[in-house]
Amino acid sequence: MPELPEVETTRRGVAPHVEGRVLETVRVRETRMRQPVPADLAARLEGRILCAIRRRAKYLLFDFPNGTLIVHLGMSGSLRVLPTDTPPQKHDHIDLIFEGDACVRLRDPRRFGLMVWTSADPLAHPLLAHLGPEPWDPKFSADYLTALAQARPGPVKNFLMDGAVVVGVGNIYASESLHRAGIHPTRPARRISRARYAGLVLAVREVLDAAIQLGGTTLRDFTQEDGKPGYFRNELRVYARAGEPCLQCGGTHIRQRVIGQRMSYFCPVCQR
DNA sequence: CCGGACGCCTGTCGGC
DNA sequence: TGCCGACAGGCGTCCG
């Protein structure tokens, strides 16, 4: 899926087309997602103005005057902005059709994503309430990571991908951030110094910022709102590069190994 | 409380 | 060429 940069890319791409516009029609072709798409979605949304699209972690929040549509892209989801008369293809599950011929279309082949409604504060919704800080939140600091890590004997990669620690860092950007910070992904989180966590905080922000600038990373399913892929794939230094030379040291080939049930990539020389 | 294993889905790819 | 298993960007749940 979309990790944070892909979700933010989607938000930035979609928002200018539809913010401030009336949502005229909701078309749901498939309700079977991670959670069922609510049957009353059209009744709640049609005729309402979309105030803004926010992002929290990997969730998109479509704010309407009467509540918020919470969208998650799962592993294979994407949103496109298309002319209203564009015929849907396989796995195009939901259309939000706005005035001015702008159709926001959700495609999600694996249906791990979701689209649910809340009339209350979306940040207090059970899906969002227990999430950790955004990567750019000052709270996400070396002191914070060092303190949390003391209770975490497991691999730092798992620690970094835990949404209660920091949000938005998935499998690609965990490997990339750890490589840039020179930290081995299997190193126990509690065995990492405050100084190295300071470097990791910077590395995470640097990688995510750069990825957002390039429209995210497309491995397979992800597309930007206009259908283009994310170009950060060309900037990946370790992810999916097993066997290739490390761009940092040049003399070592990138290893791959399953850590916490997820494939991980690292340079055994640059990362300790 | 924690981490680890597993399941949810479909599509694709590599090996035989 | 076809079949079959492994694997894929996430995350909630269950179990020990």
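Computation of the quantities below employed the complete heavy-atom set of this structure, encompassing side-chain atoms and omitting hydrogens, waters and symmetry-equivalent molecules. Lettering follows sequence order; numbering is per chain, from 1. Model, not experiment: these values are computed from the prediction.
- Consecutive Watson-Crick or G-U pairs involving DNA chain C, each under 3.5 Å on both distances, make up stems of three or more pairs at B:2-8 with C:10-16, B:10-16 with C:2-8.
- Residue pairs meeting the side chain to side chain donor-acceptor pair (under 3.5 Å) criterion with at least one member in residues 135-144 of chain A, sequence neighbours excluded, are A/Trp136-A/Asp209, A/Asp143-A/Arg194.
- Among residues at least two apart or in separate chains, salt bridge (charged side-chain N to carboxylate O under 4.0 Å, His left out) pairs with a member in residues 43-53 of chain A are A/Asp40-A/Arg44.
- For the segment residues 182-193 of chain A, no residue has any heavy atom less than 4.0 angstrom from an atom of DNA chain B.
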Listed pairs, N/O of protein and of nucleotides 11-14 of chain B, under 3.5 Å:
from   : atom 1 : to       : atom 2 : distance (Å)
B/dG11 : OP1    : A/Lys90  : NZ     : 3.0
B/dG11 : OP1    : A/His91  : NE2    : 2.6
B/dT12 : O4'    : A/Arg220 : NH2    : 3.2
B/dT12 : O3'    : A/Arg220 : NH2    : 3.2

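- Qualifying side-chain contact (heavy atoms from CB on, under 4.5 Å) partners for A/Asp92, counting only residues two or more places apart in sequence or in other chains: A/Arg29, A/Pro88, A/Gln89, A/Arg105, A/Arg107.
- Screening residues 243-272 of chain A for ring-ring contact (aromatic ring centres under 6.0 Å, His included) gives A/His184-A/Phe266, A/Tyr239-A/Tyr265 as the qualifying pairs, with residues at least two apart or on separate chains.
- The side chain to side chain donor-acceptor pair (under 3.5 Å) analysis of residues 118-128 of chain A, with sequence neighbours excluded, yields the pairs A/Trp117-A/Ser119.
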For residues 219-232 of chain A, please give each side-chain donor-acceptor pair under 3.5 Å, one per line with the distance, not counting sequence neighbours.
from     : atom 1 : to       : atom 2 : distance (Å)
A/Gln224 : NE2    : A/Pro229 : O      : 2.9
A/Asp226 : OD1    : A/Lys228 : N      : 3.1

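- A/Pro153 meets the side-chain contact (heavy atoms from CB on, under 4.5 Å) test with A/Arg190; sequence neighbours excluded.
- Scored by the side-chain contact (heavy atoms from CB on, under 4.5 Å) test, A/Gln261 finds no partners at all (sequence neighbours excluded).
- Listed by chain and number, the residues in a side-chain contact (heavy atoms from CB on, under 4.5 Å) with A/Val22 are A/Glu24, A/Ile49, A/Glu99 (sequence neighbours excluded).
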